[in-house]
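Ligands are counted one by one from 1 in listed order, and the atoms in each one are counted from 1 as well. Here the structure is a predicted model, which means the values were calculated and not measured.
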Amino acid sequence: MKPIDLRSDTVTLPSEAMRQVMANAKVGDDVYGEDPTVNRLEALTAEMTGMDDALFVSSGTQGNLLALLVHCERGDEYIAGQQAHNYKYEGGGAAILGGIQPQPIDFSADGSLDLNKVRAYIKPDDSHYARTKLLSLENTQGGKALPMSYLQQAREFANEQRLGLHLDGARVFNAAIFHRVSVAEITKPFDTASLCLSKGLGAPVGSVLCGRRELINKARRWRKVVGGGMRQAGILAAAGIYALENNLDRLTEDHQNAADLAQGLEKIAAIRVLREENQTNMVFVQVPPGTAEELKAHLKAQQIIIPTGTNLRLVTHLDISGVDIPRIVEAFTRFFVTIQNGC
Ligand SMILES: *Cc1c(COP(=O)(O)O)cnc(C)c1O
């Protein structure tokens with residue numbers, strides 16, 4: 001039986017065609033700026049995001065870290081969501097390596113940061129306070145695409161408050177598919193935007209930080225400092241180009257599969273599907289306390305892998321197809337029918 005891994009869209013494996021492209025990539029030393037495939041990926045992503053320039057980096061975490069390092073100096077502060085990846089899930093890198101302090105605030109239900117709330121947290125110019133320098137947003141945030149009108153409001157707000165504006169766009173392609181707009185329409189209001197090639201797009205490694213020329217020049221320097229200067233990295237960049245050229249439009253399938261999964265699971269009385277949270281490739285499900293471990297084991301026996309816990313995030317991706325959805329729904333259904341009957 002084919003395994004179905006719903007934990008994340010990072011679990012996808014490179015296809016045979018992608019591996020071919022990687023094996024045949026023209027390469028050079030990228031620290032000298034001489035890797036033609038890395039250069040092609042950077043030009044392609046700069047164009048797609050409507051930015052001046054782009055920088056190939058090892059991971060989304062590294063892209064976000066470089067962005068924080070270019071916007072902020074020691075003693076500066078960035079405002080981000082309480083659950084933001086670059087506040088909560090990146091090991092405190094900006095504080096450790098940059099002396100940069102986060103100011104987290106709660107996300108609104110739609111994944112945005114309420115700009116009135118943000119305004120209240122901007123520190124006055126006074127030696128008691130850190131200097132607020134950057135507003136960092138996330139799109140998609142918890143699988144939700146930020147409203148398009150909000151992006152322009154955030155730009156105007158950043159101008160008015162003299163803040164830099166960064167987008168953690170790890171899944172910005174999913175947001176573009178959701179809104180049926182080009183990626184550039186989402187990224188253009190930002191000074192910098194990081195995006196992941198190794199999530200829904202299916203590349204094995206790599207992210208790109210895009211942005212204004214002078215910021216990307218600074219980021220290139222910081223990338224070397226944090227040990228991210230890679231040599232014949234074109235082998236990896238080739239996978240990224242392949243992913244952008246072949247796996248972008250098919251994200252609609254992931255969204256459809258997630259919607260079908262949500263619809264199927266909703267019929268099970270014992271569990272709660274958070275329908276309003278399902279916009280892109282994520283389905284959030286609450287299972288009754290005390291059933292989580294057993295459910296996980298039951299599914300595992302059928303080669304269906306889910307995260308641990310009672311609040312489940314189920315993610316569709318390149319290695320899950322439409323025909324897998326009924327198999328998942330059936331496996332969940334059977335489990336809850338069985339426990340209901342007390343067997
Ligand atoms: C995955 C992710 C990242 C970066 O992850 P890496 O594993 O370092 O590539 C950044 N932001 C968000 C919102 C993510 O989901």
Side-chain angles (χ1 to χ4, degrees), residues 5-14 41 45 49 54-69 71 78-94 96-97 102 104 107-108 110-113 134-146 151 165-178 183 186-187 190 192-211 219 222-223 226-228 230 233 236-237 239-240 243-244 251 254 258 277 279-284 307 313-318:
D5 193 338
L6 291 158
R7 290 172 302 170
S8 179
D9 46 9
T10 57
V11 300
T12 57
L13 300 177
L41 173 66
T45 47
T49 55
L55 183 68
F56 184 47
V57 295
S58 61
S59 65
T61 299
Q62 188 173 73
N64 279 332
L65 173 64
L66 300 184
L68 293 169
L69 289 169
H71 285 286
Y78 67 108
I79 296 178
Q82 197 66 252
Q83 309 297 327
H85 202 280
N86 65 6
Y87 164 56
K88 192 171 175 184
Y89 300 102
E90 296 181 3
I96 297 167
L97 299 163
F107 278 119
S108 303
D110 64 3
S112 67
L113 292 174
L134 175 70
L135 174 59
S136 176
L137 302 174
E138 198 171 293
N139 200 5
T140 59
Q141 199 289 308
K144 284 171 295 191
L146 296 184
L151 304 179
L165 190 61
H166 172 66
L167 180 68
D168 177 351
R171 296 189 178 87
V172 71
F173 300 103
N174 296 86
I177 293 283
F178 175 80
V183 174
I186 296 177
T187 49
F190 293 85
T192 49
S194 56
L195 50 90
C196 284
L197 302 166
S198 57
K199 293 196 167 162
L201 293 180
V205 180
S207 284
V208 181
L209 179 67
C210 305
W222 277 120
R223 184 184 67 172
V226 299
M230 297 182 285
L236 301 174
L244 288 165
L251 290 175
D254 295 344
E277 304 289 308
Q279 290 186 359
T280 59
N281 67 332
M282 293 182 186
V283 180
F284 294 87
R313 184 192 76 167
L314 307 176
V315 187
T316 55
H317 51 72
L318 186 56

Exercise: identify the closest heavy-atom pair between [X] and [Y]:
X	Y	value
His85	Glu90	ND1-OE2, 2.5 Å
Ala84	Phe107	N-CE1, 3.5 Å
Asn139	Lys144	OD1-O, 3.9 Å

Atom pair OH/OG1 of Tyr89 and Thr61 - distance to nearest 0.5 Å: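 With rounding to 0.5 Å, OH (Tyr89) is 12.5 Å from OG1 (Thr61).
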Atom NZ of Lys199 and atom OG1 of Thr12: how far apart are they, to the nearest 0.5 Å?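 With rounding to 0.5 Å, NZ (Lys199) is 11.0 Å from OG1 (Thr12).
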Extract all N/O-N/O pairs under 3.5 Å that connect ligand 1 to the protein, and present each with both atom names and the distance rounded to 0.1 Å.
| from | atom 1 | to | atom 2 | distance (Å) |
| --- | --- | --- | --- | --- |
| ligand 1 | 8 (O) | Gly60 | N | 3.4 |
| ligand 1 | 8 (O) | Thr61 | N | 2.8 |
| ligand 1 | 8 (O) | Thr61 | OG1 | 2.6 |
| ligand 1 | 9 (O) | Gly60 | N | 2.8 |
| ligand 1 | 11 (N) | Asp168 | OD1 | 3.0 |
| ligand 1 | 11 (N) | Asp168 | OD2 | 2.6 |
| ligand 1 | 15 (O) | Arg171 | NH1 | 3.0 |
| ligand 1 | 15 (O) | Lys199 | NZ | 2.7 |

Give every donor-acceptor pair under 3.5 Å between a side-chain atom in residues 168-178 and any protein atom, sequence neighbours left out.
| from | atom 1 | to | atom 2 | distance (Å) |
| --- | --- | --- | --- | --- |
| Asp168 | OD1 | Ala170 | N | 3.2 |
| Asp168 | OD2 | Asn64 | ND2 | 3.0 |
| Arg171 | NE | Asp9 | OD1 | 3.4 |
| Arg171 | NE | Asp9 | OD2 | 2.8 |
| Arg171 | NH2 | Asp9 | OD1 | 2.8 |
| Asn174 | ND2 | His255 | NE2 | 3.0 |

